[in-house]
There are 2 protein chains.
Amino acid sequence: MTIAAPTGSSRDLPHPQRAEIRLEAVLHALSDPLRLQVVRELAADGGELSCSHFDLPVTKSTTTHHFRVLRESGVIRQVYRGTAKMNGVRRDDLDGLFPGLLDSVLAAAARQAVRLGSR
Amino acid sequence: MTIAAPTGSSRDLPHPQRAEIRLEAVLHALSDPLRLQVVRELAADGGELSCSHFDLPVTKSTTTHHFRVLRESGVIRQVYRGTAKMNGVRRDDLDGLFPGLLDSVLAAAARQAVRLGSR
DNA sequence: CTTCTCGTACGATAGACATCGTAGTACGGC
DNA sequence: GCCGTACTACGATGTCTATCGTACGAGAAG
């Protein structure tokens, strides 16, 4: 029946429940440079960022695809706010399932960014 | 001239140097269930195991492929010992580059194994 | 209502990858 | 030298995935 919209928005998107999140899917989602970069920025921000906030070197269609991979793997949560779609890392769920994993990956990414050319 | 074989063996295999190891490649290598399982066993053992020690549900060709992906991403080191090929996790290099990452992933895999059916 | 922005959906495409089977090479033992 | 074991190399195949372009839908602003 789906009564009452959760957060007050209209259309909402399918997310895996916490128990459905699979480590292999998370690692796969993070193994793409573009997606890893997105997650780094989202984690650094801590809050929610719109898709259009990111200036990725691919078309909008491709961007949508990458965000979907991140959402379906359980790494991020996506919510519509008016015309924009806001994205946030599912830190609670990830830390609950895999303590320390996200932080290790983010730290590793930061280290590698410094080690290579960088940013 | 290549004088003196390092460990006493003859043919040796191409490995990335420590500085060439890329986080994305490591995550990608670990995102396959079979490969993750192999790495878990190798890490649990701590030493070296032959390819034939693993009883994977795929043919030998496919096994060879997976071990190569692990080697080329820098996750494991492979050495010939007579007719057998021994495999070991490159713990020093991984811990040096990405402190805590490998342990987080292994812990996450162990947790998930318990959480699901398990083993 | 029209228009603008933001993002989706769908179809196409090219490349990557997991898988197999067969044939071959290296090494150790007989 | 010959055979068996361990693993590789190569070619084929089906699936997945990253990418694009175009056309569409939902909401805000005029």
Looking for any heavy atom pair under 4.0 Å, which part of the strands does A/H53 touch: base, sugar-phosphate only, or nothing?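 Counting heavy atoms under 4.0 Å across all strands, no contact is made by A/H53.
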Measuring to OP1 and OP2 of [N], would you say a side-chain N or O of [X] lies under 4.0 angstrom away?
X     : N      : answer
A/T83 : C/dT5  : no
B/H66 : C/dT19 : yes
A/S61 : C/dA9  : no
A/S52 : C/dG7  : yes
A/R35 : D/dA18 : yes

Between [X] ([atom1]) and [N] ([atom2]), how many Å, whole number?
X     : N      : atom1 : atom2 : answer
A/F54 : C/dC6  : CZ    : C1'   : 15 Å
B/F67 : C/dT19 : CZ    : C1'   : 16 Å
A/Y80 : D/dA28 : OH    : P     : 13 Å
A/E72 : D/dA18 : CD    : P     : 12 Å
A/H65 : D/dG21 : NE2   : C1'   : 16 Å
A/K60 : C/dA9  : NZ    : C1'   : 13 Å
A/M86 : C/dT5  : CE    : P     : 19 Å
B/R81 : D/dC7  : CZ    : P     : 13 Å

Check whether any side-chain N or O of [X] sits under 3.5 Å from a backbone N or O of [Y] as a donor-acceptor pair, and report yes or no.
X      : Y      : value
B/R91  : B/L102 : no
B/R115 : A/A19  : yes
B/E48  : B/M86  : no
A/N87  : A/L49  : yes
B/R71  : B/P14  : yes

Selected nucleotide, minimal atom distance to [X] side chain, candidates [options]:
X     : options                : answer
B/T62 : D/dC20, C/dC20, D/dA18 : C/dC20
B/H28 : C/dG7, C/dC17, D/dT19  : C/dC17
A/V58 : D/dT17, D/dC20, C/dG21 : D/dC20

Are the side chains of A/L94 and A/L101 in touch, meaning some heavy atoms are under 4.5 Å apart?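 Counting from C-beta outward, A/L94 and A/L101 never come under 4.5 Å.
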Check ion pair B/D12-B/R77 (N to O, under 4.0 angstrom):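 A salt bridge is absent here (no side-chain N lies under 4.0 Å from a carboxylate O).
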Could you list, one pair per line, each protein nitrogen or oxygen that sits under 3.5 Å from a nitrogen or oxygen of nucleotides 23-25 of chain C, together with the distance?
none

